[in-house]
Amino acid sequence: MENVFDYEDIQLIPAKCVVNSRSECDTTVTLGKHSFKLPVVPANMQTIIDETIAITLAEKGYFYVMHRFEPEKRIDFIHDMKSRGLFTSISVGVKKDEYEFVKQLSQENLMPDYITIDIAHGHSNAVIEMIQHIKQHLPQTFVIAGNVGTPEAVRELEHAGADATKVGIGPGKVCITKIKTGFGTGGWQLAALRWCAKAATKPIIADGGIRTHGDVAKSIRFGATFVMIGSLFAGHEESPGETTEKNGKLYKEYFGSASEYQKGEKKNVEGKKMFVEHKGYLQDTLNEMEQDLQSAISYAGGTDLEAIRHVDYVVVKNSIFNGDKIY
Ligand SMILES: NC(=O)C1=CN([C@@H]2O[C@H](COP(=O)(O)OP(=O)(O)OC[C@H]3O[C@@H](n4cnc5c(N)ncnc54)[C@H](OP(=O)(O)O)[C@@H]3O)[C@@H](O)[C@H]2O)C=CC1
Ligand SMILES: Nc1nc2c(ncn2[C@@H]2O[C@H](COP(=O)(O)O)[C@@H](O)[C@H]2O)c(=O)[nH]1
């Protein structure tokens with residue numbers, strides 16, 4: 001691979017502005033049968049999203065992906081969302097019970113609008129077989145499959161029937177995969193995204209490593225349709241998880257889905273826990289993201305997200321850890 005870079009190594013180059021106000025710039029995006037206000041989705045992690053946040057996001061026109069770590073609640077969740085007239089978006093794994101769960105959804109005529117297959121190493125027969133199983137039993141459901149980090153993986157999952165692929169192995173803030181295994185896209189996530197996007201014929205969701213709102217625009221420039229974000233959405237008033245106080249400041253926990261805190265045991269641990277400063281209300285962050293993205297569209301010289309895809313860029317420096325401390 002040539003030209004390896006990450007978010008902090010890139011600056012997008014402005015083009016002549018065509019709007020009189022940033023409020024004229026449109027950040028909406030379509031995924032499957034629905035359109036959403038922003039090309040951004042909170043990570044399907046237990047300290048990032050819960051049922052209440054999912055309802056709020058769906059009601060307000062944002063995409064969400066419910067996590068899969070309380071599997072017994074998923075049927076009630078789908079019923080609840082449908083009774084409110086809201087779209088349904090859940091996650092599954094690839095173990096045996098998940099095959100039964102998908103069949104149960106089909107038998108009970110509970111077709112979710114979106115299912116995300118949420119696995120660390122998505123370039124695998126386990127994921128390919130789950131895509132095919134979902135498509136067999138829930139043919140109308142939009143399937144997001146991941147996570148992957150190579151064009152071969154994108155092609156194989158698309159070929160198996162995935163409607164979108166999720167790119168990012170190891171760039172996450174609470175990820176230790178890159179340190180414990182030596183593998184992944186940590187430190188070069190943006191270049192990996194570009195590499196994968198060149199092979200993709202369907203939408204790509206860039207997942208992990210977003211540290212600033214400008215990184216959303218950079219992801220779109222390098223081929224993402226959507227961006228999944230954990231750490232920037234952690235620590236809000238509404239965020240699930242423990243709140244603690246230290247020296248008069250409030251912090252909230254954010255832990256990896258492959259951490260011992262999630263798993264309840266120290267087996268194949270590839271995630272850690274951290275405390276992030278309390279950030280206030282989620283809606284304020286979403287509003288700020290929208291304004292920053294509107295501004296990015298104006299710098300791109302356009303009126304919608306498409307304009308960002310065509311801007312020039314420069315590589316300004318090189319870095320390995322994407323600004324993260326290792327532990
Ligand atoms: N995006 C990322 O960089 C990463 C994300 N995660 C997140 O952590 C959570 C747990 O992920 P995961 O462990 O996949 O889920 P599960 O614990 O549900 O494991 C899924 C299945 O895949 C197997 N498996 C897991 N990793 C591998 C591997 N490297 N090679 C072969 N088989 C494997 C597991 O078996 P067994 O456990 O026996 O190997 C199990 O049968 C997910 O939410 C995932 O998104 C985790 C790591 C990286
Ligand atoms: N290697 C691991 N990756 C993980 C784990 N839990 C979640 N994740 C991934 O991180 C992103 C969020 O990244 P962020 O930089 O925005 O915080 C999330 O969507 C997963 O793909 C984990 O335990 N290990």
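Numbering of ligands and ligand atoms starts at 1, following listing order. Just so it is clear, the values below take in all heavy atoms, side chains as well, and ignore hydrogens, waters and symmetry mates.
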Chemist: With no hydrogens and no angle check, do the side chains of Gln104 and Glu108 hold a donor and an acceptor under 3.5 Å apart?
Modeler: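 Glu108 and Gln104 do have a side-chain donor-acceptor pair below 3.5 Å.
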Chemist: Do you see a donor-acceptor pair shorter than 3.5 Å between the side chains of Gln291 and Asn287?
Modeler: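 Looking only at side-chain atoms, Asn287 and Gln291 do not form any donor-acceptor pair under 3.5 Å.
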Chemist: Judged by atom type as modelled, is there a donor-acceptor pair below 3.5 Å linking the side chain of Asp215 to the main-chain atoms of Arg211?
Modeler: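 Answer holds: yes.
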Chemist: Counting non-hydrogen protein atoms only, what is the nearest one to atom 5 (C) of ligand 2? Give residue, atom name and distance.
Modeler: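 Result for atom 5 (C) of ligand 2: Ser257 N, 3.6 Å.
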Chemist: Distance below 4.0 Å between atom 24 (N) of ligand 1 and any protein heavy atom?
Modeler: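 No.
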Chemist: Tell me whether His133 contacts the main-chain N or O of Tyr99 through its side chain, where contact means a donor paired with an acceptor under 3.5 Å.
Modeler: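 Side chain of His133 to backbone of Tyr99, a donor-acceptor pair under 3.5 Å: yes, one is there.
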Chemist: Do any N or O atoms from the side chain of Ser231 and from the backbone of Lys173 form a donor-acceptor pair under 3.5 angstrom?
Modeler: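 Not confirmed, Ser231 side chain does not pair with Lys173 backbone.
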Chemist: Between Glu242 and Lys252, is the salt bridge (charged side-chain N to carboxylate O under 4.0 Å, His left out) condition met? List the steps.
Modeler: CA-CA 6 Å; Glu242 194 186 314; Lys252 292 194 84 158; over 6 Å; no
Chemist: Give a yes or no on whether atom 36 (P) of ligand 1 lies under 4.0 Å from any heavy atom of the protein.
Modeler: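 No, because not a single protein heavy atom sits under 4.0 Å from atom 36 (P) of ligand 1.
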Chemist: Are His236 and Thr285 linked by a side-chain donor-acceptor pair shorter than 3.5 Å?
Modeler: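 Yes.
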Chemist: Under 4.0 Å from any heavy atom of Cys175, which atoms of ligand 2 are there?
Modeler: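 By the 4.0 Å cutoff, the relevant atoms are 1 (N), 2 (C), 3 (N), 24 (N).
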Chemist: Does Tyr261 have Lys273 sitting over its ring (NZ/CZ under 6.0 Å from centre, angle to axis within 45°)?
Modeler: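 Here Lys273 passes the 6.0 Å and 45° test against Tyr261.
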Chemist: Look at ligand 2 and say whether Lys178 reaches it with a heavy atom at a distance under 4.0 Å.
Modeler: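 No; Lys178 lies far enough from ligand 2 that no heavy-atom distance drops under 4.0 Å.
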Chemist: Going by heavy atoms in the side chains, are Leu138 and Val102 under 4.5 Å from each other?
Modeler: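 A side-chain contact under 4.5 Å exists here.
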Chemist: Heavy-atom contacts with Ala258 under 4.0 Å: which atoms of ligand 2 show up? List them by number with element.
Modeler: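 By the 4.0 Å cutoff, the relevant atoms are 22 (C), 23 (O).
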Chemist: Quick one: NZ on Lys37 to OG1 on Thr28, what's the gap to the nearest 0.5 Å?
Modeler: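 Between atom NZ of Lys37 and atom OG1 of Thr28 there are 11.0 Å.
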Chemist: Considering only heavy atoms, does Phe183 approach ligand 1 within less than 4.0 Å through its side chain, its backbone, both, or neither?
Modeler: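 No part of Phe183 is near ligand 1 at this cut-off.
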Chemist: What heavy-atom pair brings Pro112 and Leu105 nearest, and what distance separates the two atoms?
Modeler: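 Shortest heavy-atom separation between Pro112 and Leu105 comes out as CG-CD1, 3.8 Å.
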Chemist: Would you say His310 has more than 12 foreign heavy atoms packed within less than 6.0 Å of its NE2?
Modeler: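 Enclosed.
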Chemist: How close does the nearest protein non-hydrogen atom get to atom 38 (O) of ligand 1, and which residue and atom is it?
Modeler: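 Ranking protein heavy atoms by distance from atom 38 (O) of ligand 1, first comes Lys267 NZ, 4.4 Å.
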Chemist: For ligand 2, which atoms have a heavy atom of Gly208 less than 4.0 angstrom away?
Modeler: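 Listed by number with element: 13 (O), 15 (O).
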Chemist: Relative to the heavy atoms of Met45, which atoms of ligand 2 are at a distance of less than 4.0 Å?
Modeler: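 Going through ligand 2 atom by atom, the ones under 4.0 Å from Met45 are 6 (N), 7 (C), 18 (C).
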Chemist: What protein heavy atom sits nearest atom 28 (C) of ligand 1, and how far away is it?
Modeler: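 Looking only at protein heavy atoms, the one closest to atom 28 (C) of ligand 1 is His121 CB, 4.2 Å.
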Chemist: When you measure from atom 31 (C) of ligand 1 to the protein, is at least one non-hydrogen atom found at a distance under 4.0 Å?
Modeler: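 Flag for atom 31 (C) of ligand 1 set to false, no protein heavy atom closer than 4.0 Å.
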Chemist: Less than 3.5 Å between some nitrogen or oxygen of Lys166 and one of ligand 2, yes or no?
Modeler: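 No, there is no polar N/O contact under 3.5 Å.
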Chemist: So which heavy atom in the protein is nearest atom 20 (C) of ligand 2, and how far is it from that ligand atom?
Modeler: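 In this structure, atom 20 (C) of ligand 2 has Asp207 OD2, 3.7 Å as its nearest protein heavy atom.
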Chemist: Which residue owns the protein heavy atom closest to atom 12 (P) of ligand 1, what's the atom, and how far is it?
Modeler: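 Of every protein heavy atom, Ala120 N, 3.9 Å lies nearest to atom 12 (P) of ligand 1.
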Chemist: For atom 2 (C) of ligand 1, tell me which residue out of Gly172, Gly168, Gly93, Cys175 has the closest non-hydrogen atom.
Modeler: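 The nearest heavy atom belongs to Gly168.
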Chemist: Any atoms of ligand 2 less than 4.0 Å from a non-hydrogen atom of Arg211? List them with their elements.
Modeler: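 Ligand 2 atoms under the 4.0 Å threshold to Arg211: 14 (P), 15 (O).
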Chemist: Can you report which non-hydrogen protein atom sits closest to atom 9 (C) of ligand 1, along with the distance?
Modeler: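 Sorting protein heavy atoms by distance from atom 9 (C) of ligand 1 puts Ser257 CB, 3.6 Å first.
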Chemist: What protein heavy atom is closest to atom 10 (O) of ligand 2, reported as residue, atom name and distance in Å?
Modeler: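 Of the protein heavy atoms, Gly172 CA, 3.8 Å lies nearest.
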Chemist: Quick one: which of Asp207, Asp118, Asn44 has a heavy atom closest to atom 45 (O) of ligand 1?
Modeler: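 Going through Asp207, Asp118, Asn44 one by one, Asp118 has the nearest heavy atom to atom 45 (O) of ligand 1.
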Chemist: Which atoms of ligand 2 have any heavy atom of Met228 under 4.0 Å away?
Modeler: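 Under 4.0 Å from Met228, ligand 2 has these atoms: 19 (O).
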Chemist: Does ligand 2 have any atom that is closer than 4.0 Å to a heavy atom of Gly168?
Modeler: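 Distance cut 4.0 Å: Gly168 fails for ligand 2.
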Chemist: Would you say NZ of Lys202 has more than 12 non-hydrogen atoms from neighbouring residues, nucleotides or ligands within 6.0 angstrom?
Modeler: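 Yes.
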Chemist: Consider every N or O of Gly230 and every N or O of ligand 2, then say whether any pair is closer than 3.5 Å.
Modeler: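 Indeed, backbone or side chain, Gly230 has an N or O that close.
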Chemist: Against ligand 2, does Tyr254 come closer than 4.0 Å with any heavy atom?
Modeler: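 Under 4.0 Å: yes for Tyr254.
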Chemist: Examine Arg74 relative to Phe101 and say whether NZ or CZ is less than 6.0 Å from the centre of the six-membered ring and inside a 45° cone about the ring axis.
Modeler: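 Because its charged atom sits under 6.0 Å from the ring centre and within 45° of the axis, Arg74 does stack over Phe101.
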Chemist: Which residue from Thr185, Asn268, Thr177, Asn147 reaches closest to atom 48 (C) of ligand 1 through any of its heavy atoms?
Modeler: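 The nearest heavy atom belongs to Thr177.
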Chemist: Got an N/O contact under 3.5 Å between Val174 and ligand 2?
Modeler: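 Looking only at distances, the answer is no, because the N/O contact criterion of under 3.5 Å is not met.
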Chemist: Under 4.0 Å from atom 20 (C) of ligand 1, can you find at least one protein heavy atom?
Modeler: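 Under the 4.0 Å cut-off, atom 20 (C) of ligand 1 does have protein heavy-atom neighbours.
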Chemist: Under 4.0 Å from ligand 2, counting heavy atoms only, is it the side chain of Lys272, its backbone, both or neither?
Modeler: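 Near ligand 2, Lys272 shows nothing, with every heavy atom at 4.0 Å or more.
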Chemist: Inspect the surroundings of OH in Tyr281 and state if more than 12 heavy atoms from other residues, nucleotides or ligands are less than 6.0 Å away.
Modeler: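 For Tyr281, atom OH is not crowded (no more than 12 foreign heavy atoms under 6.0 Å).
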Chemist: Does Gly170 reach ligand 1, in the sense of a heavy atom lying below 4.0 Å from it?
Modeler: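 Flag set, Gly170 near ligand 1.
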Chemist: With a cut-off of 4.0 Å, which atoms of ligand 2 are near a heavy atom of Asn147?
Modeler: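 Reading through ligand 2 atom by atom, the close ones are 21 (O).
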Chemist: Quick one: does atom 15 (O) of ligand 1 have a protein heavy atom under 4.0 Å from it?
Modeler: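 Protein heavy atoms within 4.0 Å of atom 15 (O) of ligand 1 - there is at least one.
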Chemist: Checking a contact table here: which protein heavy atom is nearest atom 40 (C) of ligand 1, and how many Å away?
Modeler: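 Ranking protein heavy atoms by distance from atom 40 (C) of ligand 1, first comes Lys95 CE, 3.5 Å.
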Chemist: Give me the residue, atom name and distance of the protein heavy atom closest to atom 22 (O) of ligand 1.
Modeler: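 Its nearest protein heavy-atom neighbour is Val94 CG2, 4.2 Å.
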Chemist: Is it true that Lys135 and Asp163 make a salt bridge, defined as a side-chain N closer than 4.0 Å to a carboxylate O?
Modeler: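 Here Lys135 pairs with Asp163 in a salt bridge, since their nearest N and O are under 4.0 Å apart.
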Chemist: Please identify which of these residues, Ile117, Ile144, Thr165, meets the side chain to side chain contact (heavy atoms under 4.5 Å, CB included) condition with Leu157.
Modeler: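 Result for side chain to side chain contact (heavy atoms under 4.5 Å, CB included) with Leu157: Thr165.
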Chemist: Give me the atom names and distance for the closest heavy-atom approach of Ile169 to Asn147.
Modeler: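 Residues Ile169 and Asn147, closest heavy atoms: CD1-O, 3.5 Å.
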Chemist: Taking atom types as modelled, is there a side-chain donor on Glu152 or His123 under 3.5 Å from an acceptor on the other?
Modeler: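 Glu152 vs His123: no donor-acceptor pair found between side chains.
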Chemist: Which distance, rounded to the nearest 0.5 Å, do you find between the CE of Met228 and the OG of Ser219?
Modeler: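 That separation rounds to 13.0 Å.
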Chemist: Heavy-atom distance from atom 43 (O) of ligand 1 to the protein below 4.0 Å?
Modeler: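 Yes.
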Chemist: For Glu270, take its heavy atoms, then give the atoms of ligand 2 lying under 4.0 Å from any of them.
Modeler: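 Checking each atom against Glu270, I get 1 (N), 2 (C), 22 (C), 23 (O), 24 (N).
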Chemist: Taking the side chain as everything from C-beta on, heavy atoms only, tell me whether Lys218 gets closer than 4.5 Å to Leu190.
Modeler: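 Contact flag for Lys218/Leu190 side chains = yes.
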Chemist: Indicate yes or no: does an N/O atom of Ile169 lie under 3.5 Å from an N/O atom of ligand 1?
Modeler: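 Min N/O separation from ligand 1 is not below 3.5 Å for Ile169.
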Chemist: With a cutoff of 4.0 Å, is Arg68 in contact with ligand 1, counting heavy atoms of the residue only?
Modeler: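 The answer is yes, since Arg68 has a heavy atom less than 4.0 Å from ligand 1.
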Chemist: With heavy atoms under 4.0 Å as the rule, classify the contact between Ser259 and ligand 2 as side chain, backbone, both or neither.
Modeler: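 The backbone, only.
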Chemist: Could an N or O of ligand 2 be found under 3.5 Å from any N or O of Asn44, whether backbone or side chain?
Modeler: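 In this structure, Asn44 places no N or O atom under 3.5 Å from an N or O of ligand 2.
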